[in-house]
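Here is the structure we will look at, set down as structure tokens.
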Number of protein chains: 2
Amino acid sequence: MMKKYAEKEGVALNRALLQVQLCYESMGRAERLAADYLLSHTEDILALTITELASLCGTSEATLVRLSRRLGYSGYQELKLALAQDAEHRTVTPNIEDSDSCYAIFEKVCNDAYLSLERTKRMISGEELERAAALLASAGRIVLVGLGSSAAVAEEAANKLLRAGCDAASYSDTHMQTIAVSYLKEGDVAVGVSQSGASKDIVESLKLARSRGASTICITGRERAPITRHSDVTLLTDTEELRHTVLALNSHIARLAVVDALCFRVAYAHEALIMASGVANESSLKTKRVEEEST
Amino acid sequence: MMKKYAEKEGVALNRALLQVQLCYESMGRAERLAADYLLSHTEDILALTITELASLCGTSEATLVRLSRRLGYSGYQELKLALAQDAEHRTVTPNIEDSDSCYAIFEKVCNDAYLSLERTKRMISGEELERAAALLASAGRIVLVGLGSSAAVAEEAANKLLRAGCDAASYSDTHMQTIAVSYLKEGDVAVGVSQSGASKDIVESLKLARSRGASTICITGRERAPITRHSDVTLLTDTEELRHTVLALNSHIARLAVVDALCFRVAYAHEALIMASGVANESSLKTKRVEEEST
DNA sequence: ATAGAATTTTGAAAATTTTTTGCACTTTTT
DNA sequence: AAAAAGTGCAAAAAATTTTCAAAATTCTAT
């Protein structure tokens with residue numbers, strides 16, 4: 001009896017190959033051999049039996065079965081089927097090179113974003129998310145702090161929480177941060193965003209907020225980062241560690257997605273308010289727009 | 001011939017299924033049984049072994065193999081693979097509901113992000129991207145303007161362009177925007193971010209920038225939006241129109257990805273600078289961090 | 001029409017191929 | 001050095017294909 005093949009939900013992108021990339025780190029020597037072959041000869045595999053493939057990539061059948069399992073399929077057959085189903089057989093995320101066209105880079109950035117989101121999907125804890133949402137939904141005042149690109153996340157979050165009916169504000173100036181959090185009190189929430197989880201000012205802000213009786217939430221990419229010690233809730237997102245050096249990019253997107261999810265939840269909790277004011281907000285924003293035909 | 005093969009007058013967008021219909025006339029009783037099943041339960045077959053399918057349509061394995069051959073495949077395996085390849089990739093975007101867990105919402109947000117990115121990938125123009133990158137790479141000063149969540153995109157872009165060695169700054173305050181763009185001159189670039197493409201202040205800023213001789217780039221979700229009339233380059237991203245109303249979310253992510261791609265390109269153009277200063281930036285940022293073990 | 005030969009189609013079971021599992025061995029991690 | 005994880009061989013299981021005799025169909029000659 002063949003088990004049901006993995007259900008594909010959502011998007012048409014090659015789940016299987018994506019999965020290969022995601023799991024690559026946790027593979028051993030032989031499995032990587034196979035994974036490499038998979039990535040570079042995706043098309044060919046459909047025509048190969050497990051035995052043929054095994055000898056082609058210099059490994060054993062057993063390893064291929066195990067690889068298939070690791071990728072989330074019940075066996076080699078199912079993996080093959082999954083590969084066949086993904087119409088586009090493009091390989092995921094080759095590195096960005098300076099000879100790439102802007103569009104090619106864009107495609108790679110997108111792929112990277114997928115990976116980052118998938119990875120975050122795995123590492124983030126459902127319970128922590130829920131707790132964070134609960135705290136935010138019942139919070140009095142919410143102060144969000146972050147620096148650099150984390151400031152952008154904090155800002156975005158504040159923006160959305162505001163729309164969700166919260167009393168939220170973000171600060172990217174360290175002095176303002178200190179001032180803002182020092183006025184927090186019990187029932188309020190401070191949210192610290194820091195990729196490294198070790199930015200002095202952000203850590204200090206949460207510490208201070210906590211000492212005032214406020215609850216604290218951190219969004220970070222490092223599991224046992226200093227910031228977690230001052231946080232009631234830790235939201236762990238994808239790390240950038242091994243990614244393209246100078247322009248740290250995609251974990252940012254993952255963090256935004258986390259923020260989105262939280263804000264949705266909070267918005268639902270405040271549903272009544274949204275209906276009343278949120279929609280009004282939208283229409284009042286419209287008056288800020290120029291007429292289509294003018295100018 | 002009384003037996004008609006297809007009740008679903010629909011289509012055979014599927015090579016294999018088309019073949020089934022073409023061959024139907026020349027089949028015998030048992031094969032037709034199988035063919036009927038194929039046509040009506042196409043999706044299911046992927047999960048079935050030949051034995052299971054045989055018993056499901058009340059025929060023998062041998063018949064199925066013969067059917068496969070008749071359709072032009074080497075055997076049942078190959079038929080299944082062919083069916084998988086042609087299978088329709090239904091892309092379901094489940095709506096977010098207020099009963100969803102936070103994690104479930106997160107998953108949906110991710111799926112939505114994928115869709116948004118894929119859509120953007122299709123609508124954005126490679127040439128425009130390239131031109132935008134060229135303008136930015138050779139720009140003197142770069143001013144980015146946006147409001148609301150578009151401000152976040154502008155900010156993020158400024159952030160990255162800075163790291164890529166550009167003289168870039170973003171403004172989210174409309175007065176500051178006016179001031180900033182009015183000092184631009186030939187060789188400078190103004191970037192306007194506006195989802196609707198119709199925010200008065202943003203449109204005005206680009207218009208002003210242009211009148212000073214600067215080049216203008218817009219990032220927007222509407223093809224013939226007012227803002228495009230004042231832009232030398234238009235970067236079109238996914239629209240939010242038909243998405244979850246109040247919390248506008250994912251086109252934001254698409255725009256960030258576009259920005260990422262641009263910045264990469266610019267960074268490569270400035271490669272020498274990055275090597276010298278960019279990496280130094282990273283290490284100088286590290287001094288802002290707390291020691292791992294402390295506090 | 002109709003018996004019966006010829007042909008085609010069919011399915012049970014055997015043969016084969018492919019996939020999976022069990023287990024001893026090797027490598028890596030702690 | 002012990003524990004854990006990964007690997008490949010070979011046996012077992014499963015799935016597919018082939019074989020072949022029986023059943024159904026078609027054809028032909030009464």
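Chain letters run A, B, ... following the sequence lines, proteins first and then strands; every chain starts at 1. No hydrogens, no waters, no symmetry mates; every other heavy atom, side chains included, goes into these values.
Judged as a side-chain hydrogen bond (donor to acceptor under 3.5 Å, both in side chains), and not counting sequence neighbours, Ser55(A) has no contacts. With sequence neighbours excluded, no residue satisfies salt bridge (Lys or Arg N to Asp or Glu O under 4.0 Å) with Arg212(A). For Ser205(A), the side chain to side chain contact (heavy atoms under 4.5 Å, CB included) criterion is met by Val145(A), Gln177(A), Val181(A), not counting sequence neighbours.
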Note to self: For a quick check, with a 4.0 angstrom heavy-atom cut-off, what is the B/S/- contact string for nucleotides 10-18 of chain C, read 5' to 3'?
What the structure shows: BBB-----S
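Of all heavy-atom pairs spanning Asp238(A) and Ser116(A), the tightest one is OD2-OG, 2.8 Å.
Classification of the Tyr268(B)-Phe264(B) ring pair by plane angle, with boundaries at 30° and 60°, yields parallel.
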Hey, what are the protein-to-nucleotides 28-30 of chain C N/O distances that come in under 3.5 Å?
none

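When side chains are defined from C-beta on, Leu46(A) counts as touching Gln85(B), because their heavy atoms get closer than 4.5 Å.
Remark: C1' of dT17(D) and CD of Glu78(B) are 13 Å apart, rounded to the nearest angstrom. dT17(D) atom P lies 12 Å from atom CG of Leu53(B), rounded to whole Å.
Of the charged side-chain nitrogens involved, at least one lies within less than 4.0 Å of a carboxylate oxygen, so that Glu156(B) and Lys160(B) count as a salt-bridged pair.
In terms of phosphate contacts, Arg69(A) brings a side-chain nitrogen or oxygen within less than 4.0 Å of OP1 or OP2 of dT21(C).
Among residues at least two apart or in separate chains, ring pair (Phe, Tyr, Trp, His ring centres under 6.0 Å) pairs with a member in residues 38-71 of chain A are Tyr37(A)-His41(A).
Using a 4.0 Å heavy-atom cutoff across all strands shown, Ser55(A) reaches no nucleic acid atom at all.
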